[in-house]
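For reference, positions follow the sequence shown, starting with 1.
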Amino acid sequence: MVEVRIHGRGGQGVVTASDLLAMTAFTDGHHTQAFPSFGSERTGAPVVSFCRITDKEIRTREPVLEPDVIVVQDPTLLSVMDVFAGLKPEGYVLLNSTKSFEELGLMDLVNSLPQGHAITIPAFDIAREHVGRPLPNAVMLGGVAALTGLIALDSVTDAIRKRFPGKVGEANVNAATAAYDQVNAERANTKEGADA
């Protein structure tokens, strides 16, 4: 079972992101489960959403405490809570930030993971360019597909189109695809740097 925890703030589509991730994995032939956890429902409040993906029926309903993948949609959460708590040793981290892990003081985290398992991506900028608003969820899904190989980009774009038909969906598909390409390029650069 692969367990994913998505951190963000109210209004950033955190719950939608986990729903779309579950839809995507279901399309790829897996059993899935997605559910949120939040206190007061207000814009800007911290929100956590969970997704489980496996080839067997899922019976547990517990929050994901030891995720395989952590997605952080808002970098301001880094100073508010330990978003990386419980991350498995072979886990993946996708962080929305224009800064590097080094600039953020997170090299201990990066060094504790296998090479290429932690990537930052400027999701707000990519979303503004393609969607016209800083909504990072579709961007982060495209990034997760590239980072983990857990889900196929075609399944991501299909799920987005089903959830958001028309212009909004196509804009989000473009954002997810741009993120997918950027993360793949970043991973290739990381690998080349290590091989040199």
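Ile151 is not connected to Phe26 by any chain of hydrophobic side-chain contacts under 4.5 Å among Ile, Leu, Val, Met, Phe, Trp and Tyr, and they are in different clusters. No single ILVMFWY cluster, assembled from side-chain heavy atoms under 4.5 Å apart, contains both Leu150 and Ile58. In the hydrophobic cluster analysis, where Ile, Leu, Val, Met, Phe, Trp and Tyr join through side-chain heavy atoms closer than 4.5 angstrom, Met81 is grouped together with Phe84. Residues Leu87 and Val72 fall within the same hydrophobic cluster, defined by Ile, Leu, Val, Met, Phe, Trp and Tyr side chains chained together at heavy-atom separations under 4.5 Å. At a threshold of 4.5 Å between side-chain heavy atoms, the hydrophobic network of Ile, Leu, Val, Met, Phe, Trp and Tyr places Leu135 and Val139 in two separate groups.
Counting heavy-atom neighbours within 6.0 Å of Phe164 CZ, excluding the residue itself, gives a total above 12. With a 6.0 Å radius and a threshold of 12 heavy atoms from other residues, nucleotides or ligands, Lys99 has its NZ atom at or below the threshold.
Put simply, the side chain of Arg187 never gets that close to the backbone of Gln182: no donor and acceptor are under 3.5 Å apart. Side chain of Ser18 to main chain of Ser49: no donor-acceptor pair is present (N/O by atom type, distance under 3.5 Å, no hydrogens or angles). Remark: side-chain polar atoms of His7 are paired, donor with acceptor, to backbone N or O of Val83 under 3.5 angstrom. When atom types are taken as modelled, the side chain of Arg5 and the backbone of Asp68 share no donor-acceptor pair closer than 3.5 angstrom. The backbone N or O of Gln73 sits less than 3.5 Å from a side-chain atom of Asn96, completing a donor-acceptor pair. Judged by distance alone, with hydrogens and angles left aside, the side-chain atoms of Glu170 form no donor-acceptor pair with the main-chain N or O of Lys167 at under 3.5 Å.
For the atom pair CD1 of Ile126 and CG of Asn174, the computed distance is 12.0 Å after rounding to the nearest 0.5 Å. Distance check, rounded to the nearest 0.5 Å: CG of Asp19 to CZ of Arg163 gives 5.0 Å. Note that the CG atom of Asn137 and the CE atom of Met140 stand 10.0 Å from one another [nearest 0.5 Å]. One finds the OG1 atom of Thr157 at 10.5 Å from the OH atom of Tyr180 (value rounded to the nearest 0.5 Å).
Between Thr177 and Leu153 there is a side-chain heavy-atom pair separated by less than 4.5 Å. The side-chain heavy atoms of Arg9 and Pro46, taken from C-beta on, include a pair separated by under 4.5 Å. Side-chain contact between Leu78 and Leu106: present, with at least one pair of heavy atoms (C-beta onward) separated by less than 4.5 Å. Inter-residue side-chain proximity for Gln33 and Arg61 is flagged as met; some heavy-atom pair is nearer than 4.5 Å. Annotation: side chain of Leu21 is in contact with side chain of Leu141 (closest heavy-atom distance under 4.5 Å). Contact of the Ile121 side chain with the Leu95 side chain is not registered, since no non-hydrogen atoms from C-beta on lie closer than 4.5 Å. Put simply, the side chain of Ser97 reaches to within 4.5 Å of the side chain of Leu104, judged on heavy atoms.
Between the side chains of Asp28 and Ser155, a donor-acceptor pair is found at a separation under 3.5 Å. Using modelled atom types, one finds no donor on one side chain facing an acceptor on the other under 3.5 Å when comparing His130 with Asn172. A side-chain donor-acceptor contact under 3.5 Å links Gln12 and Asp74.
A salt bridge links Glu57 with Arg59: at least one charged nitrogen is closer than 4.0 Å to a carboxylate oxygen. Glu3 has a carboxylate O that lies under 4.0 Å from a charged side-chain N of Arg52, or vice versa, which qualifies the two as a salt bridge.
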Verify side-chain contact (heavy atoms from CB on, under 4.5 Å) between Ile160 and Leu20, making sure each step is shown before the conclusion. CA-CA 7 Å; Ile160 292 170; Leu20 287 171; 4.3 Å; yes
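Scanning all heavy atoms of the two residues, the minimum distance from Ala176 to Ala138 falls at CB-O, 3.3 Å. Shown here for Pro67 and Ala85, the closest heavy-atom pair between the two residues is CD-O, 4.0 Å. Nearest approach of Gly91 to His117, heavy atoms of both residues: O-ND1, 2.9 Å. Across all their heavy atoms, Val4 and Ile6 have their closest contact at CG1-CG1, 4.1 Å. Shortest non-hydrogen contact noted between Leu113 and Ala118 is CD1-CB, 4.1 Å.
The aromatic rings of Phe50 and Phe35 are tilted relative to each other, their planes meeting at an angle between 30° and 60°.
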